Novice: 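Handing you this structure, nothing more for now.
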Amino acid sequence: MLGSLGLARQSLDKIPRFQHSMEIVGGKLCVFGGKSTSTGVSLSDFLLDYRCVDVTKSINQASPQWKRQSSASRFAMPPLAQQSSVYDRDNHIIVPYGGQTPDTFSKANHLAVFCTKFEAWGASNIVDNDPRRYLHTAVLQVASGDMIIFGGASDATTNHQDNGRWLNVNRMVLDQPRHGIHAASRGIGNERKIAVGTIITDNGDDTPAAINKIVQHSSVLLNDTQMVVLGGNVYDSVANKAVNLLFDSVHIYDVDRMK
């Protein structure tokens with residue numbers, strides 16, 4: 001049965017939170033980022049905390065025991081909202097991607113990562129050279145250690161416009177050895193020394209028209225190969241407007257067929 005955890009009933013959690021990320025880490029549901037207002041862009045509107053609740057135990061729905069991780073909050077944490085995130089358990093890191101910052105939608109330069117082993121944020125050697133995106137999805141392929149990024153818009157003004165939406169699927173390398181080994185297993189032998197942070201764009205089959213330039217969708221990765229895409233909206237270039245997709249079909253993308 002789908003129930004409510006009663007998040008707003010605890011005194012520390014009466015501030016609204018949305019446009020955040022969450023991951024399951026060691027039996028805990030951990031939430032970070034997001035904002036307390038829908039339109040604010042100042043630093044004070046961003047929620048600079050990382051808090052978790054233990055989901056291996058019975059949860060008191062009236063007062064769930066959220067614990068704020070002080071070492072991972074406030075000044076150590078990058079202000080983010082509308083970002084995606086993936087959790088690489090092999091390397092003990094959560095990697096947020098894209099989203100909004102107090103500096104609007106500028107490039108991220110070095111991505112901040114969260115080390116789950118030490119419960120601390122830090123700068124990484126992952127450089128993102130693409131314009132920042134939001135309203136997208138990202139999933140982690142465990143075998144390759146790659147983050148598969150799909151859809152979204154490139155800045156705050158292009159959500160409902162055709163020219164600012166992302167088209168093809170991107171693969172970002174997060175773990176050089178794993179990426180090289182997995183690429184070799186797929187018959188691609190020239191990627192063993194590809195640099196961390198490299199973005200590989202799928203230049204093979206075109207994205208199906210039904211999900212071309214999609215935003216506000218959801219994605220999960222099944223069996224480490226099949227990315228399932230649901231919902232969202234696309235841009236109708238004929239009608240010159242954004243169109244919400246009917247929730248009546250599933251779109252599947254084989255991430256290992258990326259060319």
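The figures here come from the full heavy-atom set of this structure, side chains too, leaving out hydrogens, waters and symmetry mates. Every value quoted in this text rests on a predicted model; they were computed, and no experiment measured them.
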Novice: Output the distance between atom OG (S36) and atom CG (L47), rounded to the nearest 0.5 Å.
Specialist: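 If I round to the nearest 0.5 Å, the distance is 5.0 Å.
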Novice: Hey, does the side chain of R133 reach the backbone of R165 with a donor-acceptor pair shorter than 3.5 angstrom?
Specialist: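 Checked: no pair found.
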Novice: At their closest point, which heavy atom of Q83 faces which heavy atom of S21, and how far apart are they?
Specialist: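 In terms of heavy atoms, the two residues are closest at NE2-OG, 3.0 Å.
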Novice: Might you work through the side chain to side chain contact (heavy atoms under 4.5 Å, CB included) test for V86 and Y97, ending with a clear yes or no?
Specialist: CA-CA 8 Å; V86 298; Y97 186 79; over 6 Å; no
Novice: With a 4.5 Å heavy-atom cut-off, do E191 and T198 have their side chains touching?
Specialist: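 The answer is no; the side chains never approach within 4.5 Å.
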Novice: Supply the atom-to-atom distance W121 CH2 to I93 CD1, rounded to the nearest 0.5 angstrom.
Specialist: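 Reported value, rounded in 0.5 Å steps: 11.0 Å.
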Novice: Are any of the side-chain heavy atoms of V229 and T137 separated by less than 4.5 Å?
Specialist: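 No, side chains not in contact.
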Novice: Is there side-chain contact between V234 and K213, with heavy atoms separated by less than 4.5 Å?
Specialist: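 No, side chains not in contact.
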Novice: Can you measure from NE2 (H20) to OG (S85) and round to the nearest 0.5 angstrom?
Specialist: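 These two atoms lie 10.0 Å from each other.
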Novice: How would you list all residue pairs meeting salt bridge (charged side-chain N to carboxylate O under 4.0 Å, His left out) that involve residues 140-151, not counting sequence neighbours?
Specialist: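 As it turns out, the salt bridge (charged side-chain N to carboxylate O under 4.0 Å, His left out) pairs with a partner in residues 140-151, which skip direct neighbours, are D146-R171.
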Novice: Verify, without hydrogens or angle tests, whether H182 (side chain) and G145 (backbone) share a donor-acceptor contact under 3.5 angstrom.
Specialist: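 Side chain of H182 to backbone of G145, a donor-acceptor pair under 3.5 Å: no, none is there.
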Novice: Does the side chain of I214 come within less than 4.5 Å of N233's, by heavy atoms?
Specialist: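 Heavy-atom side-chain distance check fails, nothing below 4.5 Å.
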Novice: Not counting sequence neighbours, list each pair that qualifies as a ring-ring contact (aromatic ring centres under 6.0 Å, His included) and has a residue in residues 199-229.
Specialist: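 The answer is F150-H217.
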Novice: For Q141 and D224, indicate whether the former's side chain and the latter's backbone hold a donor-acceptor pair under 3.5 Å.
Specialist: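 Yes: the side chain of Q141 pairs with the backbone of D224.
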Novice: Could you tell me if the side chain of K67 sits less than 4.5 Å from the side chain of V53, heavy atoms only?
Specialist: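 No. Closest side-chain heavy atoms not under 4.5 Å.
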Novice: Would a 4.5 Å heavy-atom cut-off, applied to side chains only, mark L135 and Q82 as touching?
Specialist: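 Yes, close enough: below the 4.5 Å cut-off.
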Novice: Any idea which heavy atoms bring Y134 and G99 closest together, and the distance?
Specialist: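 For Y134 versus G99, the nearest heavy atoms are CB-CA, 4.1 Å.
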Novice: Going by salt bridge (Lys or Arg N to Asp or Glu O under 4.0 Å), name the residues that satisfy it together with D175, two or more places apart in sequence or in a different chain.
Specialist: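 Salt bridge (Lys or Arg N to Asp or Glu O under 4.0 Å) list for D175, sorted by chain: R178.
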Novice: How many angstroms lie between CG in L29 and OG1 in T56, if you round to the nearest 0.5 Å?
Specialist: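 L29 atom CG to T56 atom OG1 measures 12.0 Å (nearest 0.5 Å).
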Novice: Considering residues at least two apart in sequence or located in another chain, which fulfil the side-chain contact (heavy atoms from CB on, under 4.5 Å) criterion with N212?
Specialist: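 Counting only residues at least two positions away or on another chain, N212 forms a side-chain contact (heavy atoms from CB on, under 4.5 Å) with L167, T207.
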Novice: For residues Y253 and D202, report the shortest heavy-atom separation together with the two atoms involved.
Specialist: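 Closest approach of Y253 to D202, heavy atoms only: OH-OD2, 2.5 Å.
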Novice: Any side-chain heavy atom of M172 sitting closer than 4.5 Å to one from L111?
Specialist: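 When only atoms from C-beta onward are counted, L111 and M172 do touch, with a gap below 4.5 Å.
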Novice: Under the criterion side-chain contact (heavy atoms from CB on, under 4.5 Å), which of I148, I200, T201 is the partner of V169?
Specialist: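 Of the listed residues I148, I200, T201, the side-chain contact (heavy atoms from CB on, under 4.5 Å) partner of V169 is I148.
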Novice: I need the minimum non-hydrogen distance between M147 and L140, along with the two atoms involved.
Specialist: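 In this case the closest contact between M147 and L140 is N-CD1, 4.4 Å.
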Novice: What pair of heavy atoms forms the shortest contact from F114 to A120, and how long is it?
Specialist: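 That closest heavy-atom pairing would be CE1-N, 3.4 Å.
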Novice: Sorted by first residue and then second, give each salt bridge (charged side-chain N to carboxylate O under 4.0 Å, His left out) pair with at least one member in residues 19-41; sequence neighbours left out.
Specialist: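 For residues 19-41: none.
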Novice: Is there a donor-acceptor contact under 3.5 Å from the side chain of R186 to the main chain of D256?
Specialist: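 Yes: the side chain of R186 pairs with the backbone of D256.
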Novice: Please enumerate all residues that pass side-chain contact (heavy atoms from CB on, under 4.5 Å) together with N223, with sequence neighbours excluded.
Specialist: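 Residues passing side-chain contact (heavy atoms from CB on, under 4.5 Å) with N223: T225.
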Novice: To the nearest 0.5 Å, what is the distance between CG on L43 and OG1 on T101?
Specialist: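 If I round to the nearest 0.5 Å, the distance is 10.0 Å.
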Novice: Looking at I94 and Y50, what are the two nearest heavy atoms and their distance?
Specialist: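 Closest approach of I94 to Y50, heavy atoms only: CD1-OH, 3.9 Å.
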